[in-house]
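We count residues from 1, following the sequence as given.
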Amino acid sequence: MLLCGGVNAVNIAKLAPSIPVLQVQFSLSLSQIGLLASMFSVLILLTGVAIAGMVRLIGAKRIILLALIVAAIGNGLSLAGQNIESLFAGRIIEGVSLITVMLTAPSLIAQHTSIRRRGMVMGIWGGFMPFGNAAVLMFAPILLDRGSWQAVWIAGLGVTILVWFLTLWIIPADRQTSQKSFNYPAI
């Protein structure tokens, strides 16, 4: 789970060290950069409840795997378009992935940890954002020197795909999903 959260943190945090290059390449104003950096707050409001309902219906592992695919699509869209519109669209898609993982991972952790160890495991999970941010801050300058912003996005895409395979392999299958979760008794 730390890697699932961390890869999303990488995909979100990669913007900060890439801002000077993006600003020059796309002639971005400070307002556009601010929008790129802050759009995730709005996404949380718009998607949180729907994601929580989907977890109960589809299963947490499947949702996590789907969220990682969504992150890869966001990376790919930004890379393929090579323009400001695709960069914005890719960032929005990556944000949906981050929110999905943030809402789903605690459910998976609760399902697969004992109550005695849950606090410690949740504490480790809570380090996903600093973990991913630190990884980007360490490696983005190297990637920016060797390529451009695309090298940072390609690295994010590669790590996302690797973590998808690790998640598929390591995380146990979902326990029975609750299709009855939305079937409330008539009042």
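The distance from the NE2 atom of H112 to the CZ atom of R118 is 10.5 Å, given to the nearest 0.5 Å. Taking CG of L168 as the reference point, atom CZ of R62 lies at 11.5 Å (rounded to 0.5 Å). Annotation: the span from I19 atom CD1 to Q32 atom CD amounts to 12.5 Å, rounded to 0.5 Å.
In this structure, W149 and Q82 have side chains that are in contact, with non-hydrogen atoms separated by less than 4.5 Å. A 4.5 Å side-chain heavy-atom check between K61 and Q111 finds every atom pair outside the cut-off. Two residues are said to be in side-chain contact when any heavy atoms from C-beta on lie closer than 4.5 Å; L35 and F88 meet this criterion. Contact check for T160 versus W164: no side-chain heavy atoms found under the 4.5 Å cut-off. Contact check for I64 versus M1: side-chain heavy atoms found under the 4.5 Å cut-off. Counting only heavy atoms from C-beta outward, the side chains of T167 and L3 never approach each other to under 4.5 Å. Between L28 and L36 the shortest side-chain heavy-atom distance falls below 4.5 Å.
Taking hydrophobic clusters as Ile, Leu, Val, Met, Phe, Trp and Tyr residues chained together by side-chain heavy-atom distances below 4.5 Å, L162 shares a cluster with W169. A single hydrophobic cluster is not seen to contain both L137 and V159; linkage of ILVMFWY side chains at heavy-atom distances under 4.5 Å, directly or through other members, places them apart. Note on I161: it clusters hydrophobically with V152, by side-chain heavy-atom contacts below 4.5 Å among ILVMFWY residues. Criterion: ILVMFWY side-chain heavy atoms under 4.5 Å apart, direct or through other members. Under it, V24 and I84 are not part of a common hydrophobic cluster. Note: the hydrophobic cluster containing V163 also contains I171 (ILVMFWY, side chain heavy atoms under 4.5 Å, direct or indirect links).
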Residues L87, W153; criterion side chain to side chain contact (heavy atoms under 4.5 Å, CB included); working and verdict: CA-CA 10 Å; L87 185 63; W153 263 249; 3.7 Å; yes
Run the side chain to side chain contact (heavy atoms under 4.5 Å, CB included) check on L22 and L15 step by step: do they pass? CA-CA 9 Å; L22 292 170; L15 178 68; 3.6 Å; yes
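Residue R91 comes nearest to I12 through the heavy atom pair NH2-O, 3.0 Å, listed as atom of the first residue, atom of the second, then distance. Minimum interatomic distance between A155 and L143 (heavy atoms only, all atoms of both residues): CB-CD1, 3.5 Å. Heavy-atom minimum distance, A13 versus P17: O-CD, 3.2 Å. In plain terms, the two heavy atoms of L68 and C4 that are nearest each other are CD1-SG, 4.0 Å. When all heavy atoms are compared, the tightest approach of V10 to A135 is CG2-CB, 4.2 Å.
In this structure, the side chain of R117 does not engage the main chain of T113 through any donor-acceptor pair within 3.5 Å.
Within a 6.0 Å sphere centred on CD1 of I170, other residues, nucleotides and ligands contribute more than 12 heavy atoms. Residue-environment remark: CZ (F26) exceeds the threshold of 12 foreign heavy atoms within 6.0 Å.
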Can I get a per-line list of side-chain donor-acceptor pairs under 3.5 Å for residues 95-110, giving both atom names and the distance, sequence neighbours left out?
from	atom 1	to	atom 2	distance (Å)
S97	OG	N8	OD1	2.7
S97	OG	A67	O	2.6
T100	OG1	V96	O	2.7
T104	OG1	T100	O	2.6

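Annotation: ring-ring contact (aromatic ring centres under 6.0 Å, His included) contacts of W125 (sequence neighbours excluded): F128.
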